[in-house]
**Student:** 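Before I ask anything, let me first share the structure, which is written out below as C-alpha cells.
From a predicted model like this one, the values you see are computed outputs, not experimental measurements. Below, chains carry the letters A, B, ... as their sequence lines are ordered, and counting in each starts from 1. The analysis underlying the following values was restricted to heavy atoms, covering all of them including side chains, and did not include hydrogens, waters or symmetry mates.
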There are 2 protein chains.
Amino acid sequence: MNMRRATIKDVAEAAGVGVATVSRVLSGGSASPETRERVLTVAAQLDYRPSALGRNLRQQRAGGIGLLLPDVTDSFYGRLADGVLSCARAAGEPVILGTTGDDAEREADQIGILLEQGVERVVAVPSGDAEVWAPARRTGLTAVFAHRSAPGHGDVPAVLADDRGGVRTAVDYLTGLGHRRIAYLGGPGQEQRVAAFRQALGALVDEELVVFARGSRDSAYAAAAGLFQRRPDLTAVLAGGNLLGEAAVLAARELDLRVPKDLSLIMFDDVPWAELCAPPLTVVAQPAEDIGYRAAELVLRAGGRRPRGVLLPTELIVRGSCGPRRAS
Amino acid sequence: MNMRRATIKDVAEAAGVGVATVSRVLSGGSASPETRERVLTVAAQLDYRPSALGRNLRQQRAGGIGLLLPDVTDSFYGRLADGVLSCARAAGEPVILGTTGDDAEREADQIGILLEQGVERVVAVPSGDAEVWAPARRTGLTAVFAHRSAPGHGDVPAVLADDRGGVRTAVDYLTGLGHRRIAYLGGPGQEQRVAAFRQALGALVDEELVVFARGSRDSAYAAAAGLFQRRPDLTAVLAGGNLLGEAAVLAARELDLRVPKDLSLIMFDDVPWAELCAPPLTVVAQPAEDIGYRAAELVLRAGGRRPRGVLLPTELIVRGSCGPRRAS
DNA sequence: GTGAAAGCGCTAACAC
DNA sequence: GTGTTAGCGCTTTCAC
C-alpha cells in the first residue's frame, strides 16, 4: 500500500492550472468560479490534503498550540486540558502537550521542544520564573498563562480563577463556624492564595500552620500528616488542590481525626469524588475547563488586542466536611 | 526583541564550513575532531537549535507521536497519557494530543489532523473500526493501540490489560461470596470484557443485567440508575471503569441501596478516591501508566520487529465494597 | 573529510 | 485571474 500523498503539484497538473491557483483556491483567495470548481473537484478526487510541513516551513512557524501542564494525572489539569482541546478542535489546530512536574528545568526543556517545533503559541500553567521563559520571549512566542501566573511576567496575559475570593469565602465560612486555628495546605505556585489566606485571616494567622507540599501525592501526604501531628490543636484546614485534599482526608483518617468533628476541611477544586467521600467534601469549585478554554481562545486570537487577563469566579460548595469548632 | 533564530547557514558561516558539515556534526556523522569542536562551539555560542520545520519537510515526515484518547478528564486516560508522555520525553519527542469522545467520526477528524501534520506514529485508544483508520494505514502511519483493540485491525499491535483475567477474578470473587445475579455495567469498546464476563459467569448470565453506557458521566449514571431500578433483585455489580463505578456508587446511594449490604460493587481501575469512598471500593487495578509507556515504546521503535501485542496483568484489590449475598 | 547543490510542499511576490 | 518563480531550513547525494 503505502501510497504517496498527493501534493499541490499533482492537483495543479490534474486540474490544468498552476500551483499558485490551487493554493489560492484552497485558502479562499480569488479565482474564477469555474476554476475554483475544477480545482476543488480534482482536489477531492485525489484526496488531497495540504501538507502542514510545507506550509509551516514556508511561513516560518508551525500552527498548533503548545500546552504545558504540571501533571496530566491531576484531574484539575485534566479538565483544564479538556478546555484547551475543545477550543483547539473548534479551530482545527493540533495541540502539543508537555508536562513539567512543577519543575522549572523540565519546563525549560519542554519550551525548548516547542520552540524547536516552531510552535508559536502556548498555553501554560507556569512553573518557572522569567528566566525560564526568556528564550520563548526572545523568539516571539505568544504565551498565555492559565490557573496561575508567575513572578516577573508582567505582560503575559493570564486566565485565573478568583483565588482571592475563593480563599476569603472559605476562610469566612470557617471563622464563622468558630474556627481560629486554621491551616493552609498548599502546593507549588500558590503564593497568591497564601497571601489571600493571610490577609483573610488577619491577626489569626499562625505561620506554623501554613505548609507547602511539592506536586506529588506522596509529598502532599507527608505535608498533611506532618502538619496534623505537629499541631494537633488546629481545628480546620484549607487544602489548596484536590491532591492536597485527598492527602488531608487520608492523613486525618490515619491519625484518627474525625472529619468534621475533630477537623473541618475545605478543599480547593471540586472533583467528582468529593461527593463520594465520607463525609462529602466542602469545596471551592474552580471552572477548570473554562480556564483552559478561555486561555486557548486568548492565545489563538493573538493578533487582536488582548486583555491583560481574565478572572473567573469560584464557588464555595458546602457539603459535609465542615462543622463548628470542637469543644476541646 | 523578537530576534530571528540562528539557522544552520549562520552556524556554517560563523564556523567557516559548509552547511553539510554542520548538519553532519550535529547528527553525529563523521567529521574531523577539530572541525567538530569548532562547529559545536559556534553552535552553542549562537544558541542554535535545528528547526524541526526544515528537517520535517526534508524528511517528509514530522517526528513526534500522536496520542488519541477518548477523554483526558477520565483519570484512567490521564494516567495512560502520563505513561506515553514520559516515554516520549525520554526520547525527546513531542506529543500531539487529541480526544475522540469515543466517537468514530471525531476520531477520524483527529487522524486527519495528525496526517496533515505529517505525524507518522500514533498511540491510540481506538473508537472507530478499520474504515476510520483506513486513511491512516494508506499513508503508512504506524499505529499502536492501547487499552483496547478494535474490530478489523488484525495487524495493529496492542498493549492491553488482562481484561479477561481481571473479569474472571472479579466474578469468581463475587460468586464465591454467594452472588448469583451479577450485573456488568459497561462502557464503549468493552466487547472483550463482556465476552469474558459471560464466559466467567457461564449459565448464570442474565442478559438483562449486561448494560452499556456511552462515555459520559451522565450516560453512566443513567445506565446505573436504570439498571438498579429495573432489576432490584441483583446483588452485585461489576463496573467497567472508574466513571461507571462512580456512577454506580452515586446511583446506589440515590436509591438507598447500601454498599455492600444490599449491593456488592467491584470497579475496574484503581483510582486514588476508591480508598476515600465510603465504603472503600474493591477494584480491579490496571497498570494505566505502563500501558501508555509500553505503547509509546512500541511505536517509537517502529523499525524493529514488533510483537503483535503486550498483555499486562491486572490485580484484584479487595477493600470494603463487597459482602456476602444478602439474605433477601 | 568536506562543500556545492538539489529538492522536500508550500505560499507570496511579481509579471502578465 | 492566473502562471512562474524564489525560497523557507534542512538532509543527502555526489564530487572532490
Side-chain angles (χ1 to χ4, degrees), chain A residues 2-40 42-43 46-64 113-120 139-140, chain B residues 2-40 42-43 46-64 113-120 139-140:
Chain A
N2 215 329
M3 204 170 59
R4 197 180 119 280
R5 267 174 64 186
T7 75
I8 199 174
K9 213 172 146 197
D10 299 327
V11 178
E13 276 172 14
V17 299
V19 289
T21 304
V22 177
S23 176
R24 269 190 296 258
V25 168
L26 263 42
S27 47
S30 67
S32 78
E34 51 226 26
T35 311
R36 147 167 274 105
E37 174 76 16
R38 193 145 36 91
V39 169
L40 256 22
V42 171
L46 265 47
D47 191 29
Y48 170 67
R49 306 188 61 104
S51 155
L53 268 36
R55 183 184 14 225
N56 289 347
L57 177 55
R58 172 62 222 235
Q59 310 194 140
Q60 294 288 70
R61 59 189 210 79
I113 292 188
L114 293 179
L115 254 28
E116 200 162 312
Q117 300 298 320
V119 170
E120 291 220 313
T139 332
Chain B
N2 214 329
M3 203 171 59
R4 196 179 120 280
R5 266 175 64 187
T7 75
I8 197 174
K9 213 172 146 197
D10 299 326
V11 178
E13 276 172 15
V17 299
V19 289
T21 304
V22 177
S23 176
R24 268 191 298 259
V25 167
L26 263 44
S27 46
S30 66
S32 78
E34 53 227 24
T35 310
R36 147 168 274 105
E37 174 76 16
R38 191 146 36 92
V39 169
L40 256 23
V42 171
L46 265 48
D47 191 31
Y48 169 67
R49 304 189 62 103
S51 154
L53 267 38
R55 184 182 21 234
N56 290 347
L57 177 56
R58 171 63 220 232
Q59 309 193 143
Q60 295 287 70
R61 59 190 209 78
I113 291 188
L114 292 180
L115 254 27
E116 200 160 313
Q117 300 298 319
V119 170
E120 290 218 313
T139 332

**Student:** What's the CD-C1' distance between Glu13(A) and dG3(D), to the nearest Å?
**Tutor:**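 To the nearest whole Å, that distance equals 14 Å.
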**Student:** Would you say that Val22(B) contacts Val42(B) through its side chain, given a criterion of any heavy-atom pair below 4.5 Å between the two side chains?
**Tutor:**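 A side-chain contact is absent here, since even the closest heavy-atom pair is not under 4.5 Å.
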**Student:** Would you mind building the protein contact string for nucleotides 7-16 of chain D? One character per nucleotide, 5' to 3', B for base within reach (heavy atoms under 4.0 Å), S for sugar-phosphate only, - for untouched.
**Tutor:** BBBBBB----
**Student:** Within a strict 4.5 Å, meaning less than it, do heavy atoms of the Leu53(A) and Leu53(B) side chains meet?
**Tutor:** no
**Student:** Side chain to side chain contact (heavy atoms under 4.5 Å, CB included) for Arg24(B) and Thr21(B)? Distances and angles first, verdict last.
**Tutor:** CA-CA 5 Å; Arg24(B) 268 191 298 259; Thr21(B) 304; 3.7 Å; yes
**Student:** Flag the pair Asn56(B) / Leu57(A) as yes when at least one side-chain heavy-atom distance between them is below 4.5 Å, and no otherwise.
**Tutor:**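 They are not in contact (no side-chain heavy atoms under 4.5 Å apart), so the answer is no.
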**Student:** Atom CG of Asn56(A) and atom C1' of dC8(C): how far apart are they, to the nearest Å?
**Tutor:** 13 Å
**Student:** Heavy atoms under 4.0 Å, any strand shown: does Gly118(A) hit a base, just sugar-phosphate, or nothing?
**Tutor:** nothing
**Student:** Report yes if the side chains of Arg5(B) and Gln60(A) come closer than 4.5 Å at any heavy-atom pair, otherwise no.
**Tutor:** no
